[in-house]
Structure formats: C-alpha cells, structure tokens
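A quick write-up on the structure given underneath.
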Amino acid sequence: ESLEVAAKLSKEHFDVVIVDHFVKDAEQICRNALNITHVPIAVMMQEKFADWKALRRLEADGYIPDDRGSEEMMARIRTYSRRRRVFQSV
C-alpha cells in the first residue's frame, strides 16, 4: 500500500494527506509523504484512543477523529488545507 500511495503522491496534487492510524503501513505511508511532498499529514483515529506518541512518531500535523460527524471532519480538512496555503505564501 505504501508504494501505491508514494506513486500517487509523486504524480498528483493533494492539499492534505489523511492516513488511517490502523492501516498496517501507516508509518511508511507518512514517511513517504514527508519525503515526496510538503502537504499536511492528518492521521485519522478515534479521539478516545488518540495516541500522541504515535502522532509524533508518524510526524503528523494532527489528527482527525473518526468517531465524529462528517461536518467536523470536513472542517478539519479545510483547516489543514488553509494552513498549507498560508505556509506556501510565506
């Protein structure tokens, strides 16, 4: 899976990379994303199981709780995307 993600990241434009915390290759996917592109990485996990050490290990910019509604998820994605645009203009 991580090789497929790396291929897509190198060919296509993304505003945010969202990685499910429970995906087997989550750490490798994040590492590839960091090496290929400069987009924010958000890890999707249940808020009650938020693992701050895992977020640091994955070098993620934050997390998106998957046990909330889709409106909150979209709001967080828009926030990460907006941060990227601000960062690029600096």
Side-chain angles (χ1 to χ4, degrees):
E1 288 182 342
S2 64
L3 295 177
E4 291 176 36
V5 173
K8 284 190 181 250
L9 287 172
S10 63
K11 293 177 184 175
E12 300 177 35
H13 168 78
F14 295 92
D15 291 326
V16 179
V17 174
I18 301 171
V19 180
D20 190 325
H21 181 252
F22 291 111
V23 170
K24 180 177 69 171
D25 295 339
E27 195 166 339
Q28 187 62 46
I29 290 169
C30 289
R31 201 173 297 127
N32 289 345
L34 288 167
N35 290 330
I36 294 169
T37 185
H38 298 286
V39 300
I41 299 171
V43 176
M44 186 177 295
M45 61 177 61
Q46 289 184 0
E47 189 169 28
K48 63 183 174 184
F49 297 118
D51 182 354
W52 302 111
K53 289 180 183 178
L55 289 175
R56 284 194 303 272
R57 186 180 69 249
L58 297 172
E59 297 185 54
D61 296 289
Y63 79 99
I64 297 175
D66 66 355
D67 49 356
R68 300 282 178 99
S70 60
E71 288 182 24
E72 181 173 340
M73 182 187 298
M74 290 307 300
R76 287 180 183 244
I77 291 169
R78 282 191 297 272
T79 300
Y80 288 120
S81 181
R82 187 171 47 250
R83 284 184 197 161
R84 178 178 185 269
R85 286 192 303 271
V86 169
F87 179 73
Q88 284 181 329
S89 66
V90 174

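- Looking only at side-chain heavy atoms (C-beta outward), Ile64 and Tyr80 come within less than 4.5 Å of each other.
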Go through the steps for Val5 and Asn32 under the test side chain to side chain contact (heavy atoms under 4.5 Å, CB included), then give the verdict. CA-CA 8 Å; Val5 173; Asn32 289 345; 6.0 Å; no

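- Here the side chain of Asp61 pairs no donor or acceptor atom with the backbone of Ala42 at under 3.5 angstrom.
- Residue Ala33 comes nearest to Ile41 through the heavy atom pair CB-CD1, 3.8 Å, listed as atom of the first residue, atom of the second, then distance.
- Atom-to-atom distance recorded for Met45:CE and Phe22:CZ is 7.5 Å, nearest 0.5 angstrom.
- When the side chains of ILVMFWY residues are joined at heavy-atom separations under 4.5 Å, either directly or via intervening members, Phe14 and Val23 end up in a single hydrophobic cluster.
- For the pair Val19 and Leu58, the minimum side-chain heavy-atom distance is 4.5 Å or more.
- Looking only at side-chain heavy atoms (C-beta outward), Met74 and Ile77 come within less than 4.5 Å of each other.
- Taking both residues in full, the closest heavy atoms of Val39 and Asp15 are given as CB-O, 3.7 Å, listed atom of the first, atom of the second, then distance.
- For Arg31, the side chain to side chain donor-acceptor pair (under 3.5 Å) partners two or more places apart in sequence, or in a different chain, are Glu27, Gln28.
- For the pair Arg76 and Pro65, the minimum side-chain heavy-atom distance is below 4.5 Å.
- Taking all atoms of both residues into account, the shortest heavy-atom contact from Ala60 to Val43 is CB-CG2, 3.5 Å.
- Across all their heavy atoms, Leu34 and Glu59 have their closest contact at CD1-CB, 3.4 Å.
- Atom CD1 of Ile29 and atom CD of Glu4 lie 9.0 Å apart (nearest 0.5 Å).
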